[in-house]
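What follows is a single structure, written as structure tokens, with notes after it.
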Amino acid sequence: MGAVVGTLSLQTRQRRPSRDRVCDDLELSVVCHRPEALDLLEAQSNFNRKELQVLYRGFKNECPSGVVNEETFKQIYSQFFPHGDASTYAHYLFNAFDSSQSGSIKFEDFVTALSILLRGTTTEKLQWTFNLYDINKDGYINKEEMTDIVKAIYDMMGRFTYPAMKTDTTRQHVDAFFQKMDKNRDGVVTLDEFILSCQEDENIMRSLQLFENVI
Amino acid sequence: MAAGVATWLPFARAAAVGWLPLAKKNMPKPPVDKKSRNDEILFVNVSGLRFQTWKNTLDRYPDTLLGSSEKEFFYNEDTQEYFFDRDPEMFRHILNFYRTGKLHYPRQECIQAFDEELAFYGIVPDIIGDCCMEEYRDRKKENQERLAEDTEAEMATDTPLPPESTSRERLWRAFENPHTSTMALVFYYVTGFFIAVSVIANVVETVPCRPLKGSKKDLPCGEKYTLAFFCMDTACVLIFTFEYLMRLFAAPSRCKFMRSVMSVIDVVAIMPYYIGLVMPENEDVSGAFVTLRVFRVFRIFKFSRHSQGLRILGYTLKSCASELGFLLFSLTMAIIIFATVMFYAEKGTKGTNFTSIPASFWYTIVTMTTLGYGDMVPNTIAGKIFGSICSLSGVLVIALPVPVIVSNFSRIYHQNQRADKMRAQQKVRQARIRMAKKGTTNAFLQYKEEGGFQFRDNDSALCLKNRSSFEHQHHHLLHCLEKTTNHEFTDELTFSEMCMTESVGYRTSRSTSISSQQGLSTSCCPRRSKRRAIRLANSTVSVSRGSVQELDTLQVHKTSIGHQSRSSLNARTEDLKLNCEDRDFTAAIISIPTPPANTPDESLPPSPAIPGILRNSRCSFTHERVKISSL
């Protein structure tokens, strides 16, 4: 009987390392991340103190631990698009926000991205957008990446749209995009091509100004 | 949408910059937020206890009192604070709800007081978090049952019947509540008396009386005074039959009555007599007939109509049947094991009682329950050893689990209730999420239809007045997505209809029969709609853009009513059920057109009648659509 108990306890002891790892993960996520000082953030971003305070209060309320992981991010983003499936696009967005590729968004990442998107120059915004489209972050947007992005965007629309989605809608959209952006017809879009093409398009330039008073 | 998500909306809108290079059409202009965006601290004075909170915190739930403009009614200009003449202790919990998004139920508070506070502040109790939901539900149910008992008791004694009740209803009521009329009470006691008489007669029948003259043997009284007993039995059975037939006549639902336990007992109690009447005095069947007489003892169960305690006992046994079953099963296992062992232990002995394993069952049961009749005893040493082990284990097997089973029964019973509640809650939650999604979808579609994207001055902002800035911005975001992809959001009905019409492919004049449109759009199930489409293929079916527009406006009309109630997150569960049964218009609905759906909303009060509002609107919506078809 004692031997049985002994072997049983041995087994549990062997299994414990994995449990410890799980416990470690839990502990990690429980530990708070504190952002940098308010002055530093104010200097680094284009927001003033009050705006940063409002942003942080909201952020801290939603994520008391100070970080947002990808699952939570996807859930949050999906709530804005109940018609369709926003998880793929949220994944790309998450990677775009998570500049340090650490797997979680901290408040600084949040503020940096918002600062660019809302208060940045058009070049910065376009750069950010390029970074979003460039899924593997190699400096080039090729057709596959663009197709993925466009498909993710169309997924957010859901099934019930007017007019109904056809099978080649995505492909057509991507082709139109490449037609416009790829100046030297080499099949990839570089950052300079992208910025140049967007600057030529008045509509894009105008709509970039639209989101300035979001905060 | 969850209020906390409002925090993330600015970032979601900012991320929309990512769509810009891809957009096929121009982005719409964002809504202008005229209110000042500065966050301020509000002072809330609740009966002298001052609370302070950010304005944003309260704005998280715009469909409650504190989150909407309703709190302006309570604003005190002199002291620059919001004053509420309510319970300050309870307010703490209410405010915590705004802060954390979870509503907790304080256990020491009275459930009704808590409910009243929630109703005052416009918070629906469904939002109570999981940690406190069980407690809340239990207390609420307890309270409701207590109230129901009180009202039932009141009703049973005091309420007079409505004068138009038929004699049948009066009779049923007399049977169910004997206290209502003197006749009923008399009948109640008479039947009770006769039940007692019948049972006693059955018992006394078998007692040996002094034998007849000239015979030595003791006769049971039943055979001595056959006629007397027969007359008594007849009288009782006549009364019981009469009572049963009366109940059957008076019952509001005869099938249900016949299936109920009490009526089965009634039938079983009187059947033996009739069968005995019918059966001839045949030796062969009289054995079976004697067995039938046993069923006369069931008359004693008729007392359960007269006794609340018996009913409760019956219900208890029924509910802990699984526990009893388990006890029986484990006992059976132990019995079989020990019987086998005892049989093989005693096999060698001559003249032993343990002739077979089933014969040993009797010994095992008697020993395990520590009865020990002594009619079967082991003789061998091995048998005695195993016999003693048997009796010891009997004590353990029976005496130990019984208290455990008793408490298990109580725990498992409550656990089952909780499991059901959890399942129901899960369903409700899923349904709520679905409905919230649907609500958001519909809100956006309706927003579009109302032309919410052109800039409106204050004059024409009437239809938009109920929207918060959050909704404006969210709709702008969705509109941006539409422009990016050059596709528009629609809902399921329109979409399936459009697919349908593309497959049918007739285009004629504008005047379509809505009945055919109904046929197309009513079913979500494509099989059904295909069938209808085939039927209508020869008729003129047209869905020009105009009639689809019509459909859109009609649907918008429907959903707008849904939106005048509080936000979908707060919607009650009754609403959700209504959403599901929405699809059943048939082409056959021809009825008098009712006035437009706006009036029911204004006339009905909000929260308790939300199902009423939706129901009314849906009915009238159906009528409206039919009205158009008569053109």
Side-chain angles (χ1 to χ4, degrees), chain A residues 50-51 53-55 57-59 61-62 76-77 79-83 89 92-93 96-97 110 113-114 116-118 125-126 128-130 132-133 146 149-150 153-154 156-165 169 173 176-177 180-181 194 197-198 201 203-204 206-208 210-211 213-215, chain B residues 1-2 4-30 32-33 37-39 54 56-57 99-101 436-441 444 473-474 477-478 480-482 484-492 494-496 498-499 502 548:
Chain A
K50 268 205 175 293
E51 290 167 337
Q53 280 179 340
V54 169
L55 275 176
R57 278 207 299 271
F59 185 83
N61 212 38
E62 288 310 303
I76 293 170
Y77 200 70
Q79 294 197 345
F80 293 109
F81 302 99
H83 308 76
Y89 188 70
Y92 297 135
L93 210 54
F97 267 78
F110 189 62
L114 278 184
I116 295 175
L117 288 170
L118 301 176
K125 291 182 191 175
L126 290 172
W128 189 91
T129 315
F130 183 85
L132 171 68
Y133 294 162
M146 213 52 228
I149 296 269
V150 170
I153 293 181
Y154 275 96
M156 282 198 289
M157 291 293 295
R159 265 184 59 215
F160 307 117
T161 59
Y162 174 78
M165 297 278 192
T169 314
H173 202 144
F177 176 80
K180 197 162 83 167
M181 300 282 167
F194 184 73
S197 318
C198 288
D201 187 342
N203 290 332
I204 297 182
R206 205 181 20 237
S207 38
L208 277 176
L210 271 180
F211 293 95
N213 51 352
V214 162
I215 299 276
Chain B
M1 198 172 293
V5 181
T7 321
W8 295 95
L9 184 62
F11 122 82
R13 299 185 66 210
V17 166
W19 302 334
L20 294 178
L22 282 173
K24 288 189 174 167
K25 292 234 175 110
N26 293 337
M27 289 294 150
K29 285 208 181 76
V32 171
D33 199 4
R37 297 304 227 106
N38 287 334
D39 207 3
W54 292 107
N56 273 355
T57 313
R99 292 191 185 122
T100 61
K437 277 192 166 189
K438 195 166 174 186
T440 330
T441 323
F444 180 62
Q473 293 171 3
H474 185 227
L477 180 65
L478 292 175
C480 288
L481 183 58
E482 279 186 341
T484 311
T485 54
N486 201 17
H487 284 70
E488 286 173 20
F489 288 112
T490 62
D491 63 349
E492 203 166 327
T494 332
F495 183 72
S496 50
M498 283 190 299
C499 289
E502 277 168 19
V548 171

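We name chains A, B, ... by the order of the sequence lines, and we start the count at 1 in each one.
Counting heavy-atom pairs closer than 4.5 Å to chain B, the top residue among A:Trp128, A:Tyr133, A:Tyr77, A:Phe177 is A:Tyr133. Comparing A:Pro163, A:Gly158, A:Cys198 by how many heavy-atom pairs each has under 4.5 Å with chain B, the most go to A:Pro163. If you tally non-hydrogen atom pairs under 4.5 Å between each of A:Leu132, A:Ile153, A:Leu117 and chain B, the highest count goes to A:Leu117.
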side-chain contact (heavy atoms from CB on, under 4.5 Å) assessment of B:Leu478 paired with A:His83: CA-CA 10 Å; B:Leu478 292 175; A:His83 308 76; 4.1 Å; yes
Candidate pair A:Tyr162 and B:His487, rule side-chain contact (heavy atoms from CB on, under 4.5 Å), full reasoning: CA-CA 6 Å; A:Tyr162 174 78; B:His487 284 70; over 6 Å; no
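Taking each heavy atom of A:Leu118 and B:Ala14 in turn, the nearest pair found is CD2-CB, 3.7 Å. Of all the heavy atoms in A:Met157 and B:Glu488, the pair that sits closest is CE-C, 4.0 Å. In plain terms, the two heavy atoms of B:His474 and A:Phe80 that are nearest each other are NE2-O, 2.8 Å. Shown here for A:Ile204 and B:Pro21, the closest heavy-atom pair between the two residues is CD1-CA, 3.7 Å.
Considering CG of B:Leu20 and NZ of A:Lys125, their distance stands at 8.5 Å, rounded to 0.5 Å. With rounding to the nearest 0.5 Å, the separation of OG1 in B:Thr485 from NE2 in A:His173 is 8.0 Å. Remark: A:Arg57 CZ to B:Thr57 OG1 distance equals 8.0 Å, nearest 0.5 Å. Distance check: B:Asn486 CG to A:Thr161 OG1 gives 10.5 Å after rounding to the nearest 0.5 Å.
In this structure, the ring of B:Phe11 has its center less than 6.0 angstrom from the ring center of A:Phe97.
Looking at A:Met181, only its side chain comes within 4.5 Å of chain B, counting heavy atoms on both sides. In this structure, the portion of A:Met146 lying under 4.5 Å from any heavy atom of chain B is its side chain and not its backbone. Interface residue A:Leu93: only side-chain heavy atoms are found under 4.5 Å from chain B. Within the 4.5 angstrom heavy-atom criterion, atoms from both the backbone and the side chain of A:Arg159 approach chain B. With a 4.5 angstrom heavy-atom cutoff, A:Ile116 does not touch chain B via any of its atoms.
Under the side chain to side chain donor-acceptor pair (under 3.5 Å) criterion, B:Trp19 pairs with A:Tyr89, sequence neighbours left out.
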